[in-house]
Amino acid sequence: MTRVNRREFVIAGAAAGLAAAAPRQAFGRAPAVLTRQSAKPVVISSANGNRFRNGGTETCVELAFRRIAAGDDVLDSLVAGVNIIELDPEDASVGYGGRPNADGIVQLDACCMHGPTRRAGGVAALEGVRTPSSVAQAVMRQTDHHLLVGPGAQAFARNLGFEIEDDLNTDRSRRLWLDWKRRTDPQHYLDPDREIARRDVEIGRLAAGLDGEYRDDEVHGTINCNGINSAGQICGVTTTSGLAWKIPGRVGDSPILGAGLYLDNAVGAAGSTGRGEANLYNLTSFLIVEYLRQGMNPKDAGLAGLRRIQENTIERRLLNSRGLPNFGVNFYVLDAGGEYAGVSMYASQNSRYAVCTENGAALVPLEPLLDGSPSD
Ligand code: GLY
């Protein structure tokens, strides 16, 4: 017998009033799912979800919201949305043209969760597939597992008919890698015109000359995208090329359930961009969903999650001159009623996030936990 709490009621797969919101995609035999009576449909994501169009007309959040409003499965809609970002070489933090690892190879991480069916899937250190979020969704749908990595993930994708490419670098991502290599290993990677370190750096400006560092959001770029439909069905997806110039094989927070993404259909969702190691140490997306469960609103839950990261950041190398974290990390939080918030360790870090409702898409300010910037 299914237990029903006071906030929920049982949709036994066939409640007529909600039929339009039921998943269209086959997940095998549809299980009975717990679903709230109603919610305000919304899609939220990191800012890149309302910046890139890959030559088309819609951004990630616009496409995802349109499909959710039309009654498509929420996760199908979100994955179709982040596919835009993964395929767009202009976003050098996700998918095709993402920043390569220390060997110059683009290794991608992604995961997804489907709240109504309590299913999830992920891939890590996947090479050669432009859309790791779609492979993560295939792991969810077509296996009994949650996470496939490296060559195994690639073989799985190949067997399902995904195109496997030798190299996901673009001219731009290769040039960025070579630029990094010349900085970090100048004895072996010679600079042919001696000016390369200061010119034509497309990942943004350097914080400071030859010894400078890249902005935090330039090395941890990712997209997390979460959505809810009017029936209260919550899903989420996170996809990334991970930390720029990482040690080959490094897996960040993005494909790890509870870190890069977590949701509970009865409670809400949280997902992350930013320094993955800090998030992994605290499983912060899981923590934020638990804070929602305790009754916090999305903003307070997100800020409490960031505070946990701050409290657990004690290594000197990770602290600035004020004794505060010297990195950025953001969370995008959605509750089961469709209320949402975006929170950031610092206001200066990638300080907006994307929202799409029936009123259209917009970039709105993240709520910062700390004043100043990571480098203060
Ligand atoms: N949050 C992305 C990463 O650290 O890989």
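Ligands are counted one by one from 1 in listed order, and the atoms in each one are counted from 1 as well. Every heavy atom of this structure was used, including side-chain atoms; hydrogens, water molecules and symmetry mates were not.
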Does Ile228 form a side-chain contact (heavy atoms from CB on, under 4.5 Å) with Gln233? I'd like the steps, not just the answer. CA-CA 5 Å; Ile228 184 169; Gln233 296 180 324; 6.0 Å; no
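At a 3.5 angstrom cut-off on N or O pairs, Gly242 does not count as close to ligand 1. Between Arg250 and ligand 1, a contact under 3.5 Å exists for at least one N or O pair. Among the atoms of Gly274, some N or O lies under 3.5 angstrom from an N or O of ligand 1.
Those atoms of ligand 1 with a heavy atom of Asp253 less than 4.0 angstrom away are 1 (N), 2 (C), 3 (C), 4 (O), 5 (O). Applying the 4.0 Å criterion to heavy atoms of Ser254 picks out, from ligand 1, the atoms 1 (N), 2 (C). Atoms of ligand 1 lying under 4.0 Å from any heavy atom of Thr222, numbered from 1 in the order shown and given with element: 1 (N), 2 (C).
Residues passing the salt bridge (charged side-chain N to carboxylate O under 4.0 Å, His left out) test with Asp376 are Arg322, sequence neighbours excluded. Scanning for salt bridge (charged side-chain N to carboxylate O under 4.0 Å, His left out) contacts around Glu165 gives Arg130, with sequence neighbours left out.
By the criterion of a heavy-atom distance under 4.0 Å, neither the backbone nor the side chain of Lys246 is placed next to ligand 1.
Distance check, rounded to the nearest 0.5 Å: CD of Gln154 to CG of Leu108 gives 11.0 Å. One distance of note links CZ of Phe65 with SG of Cys356; it measures 5.5 Å at 0.5 Å rounding.
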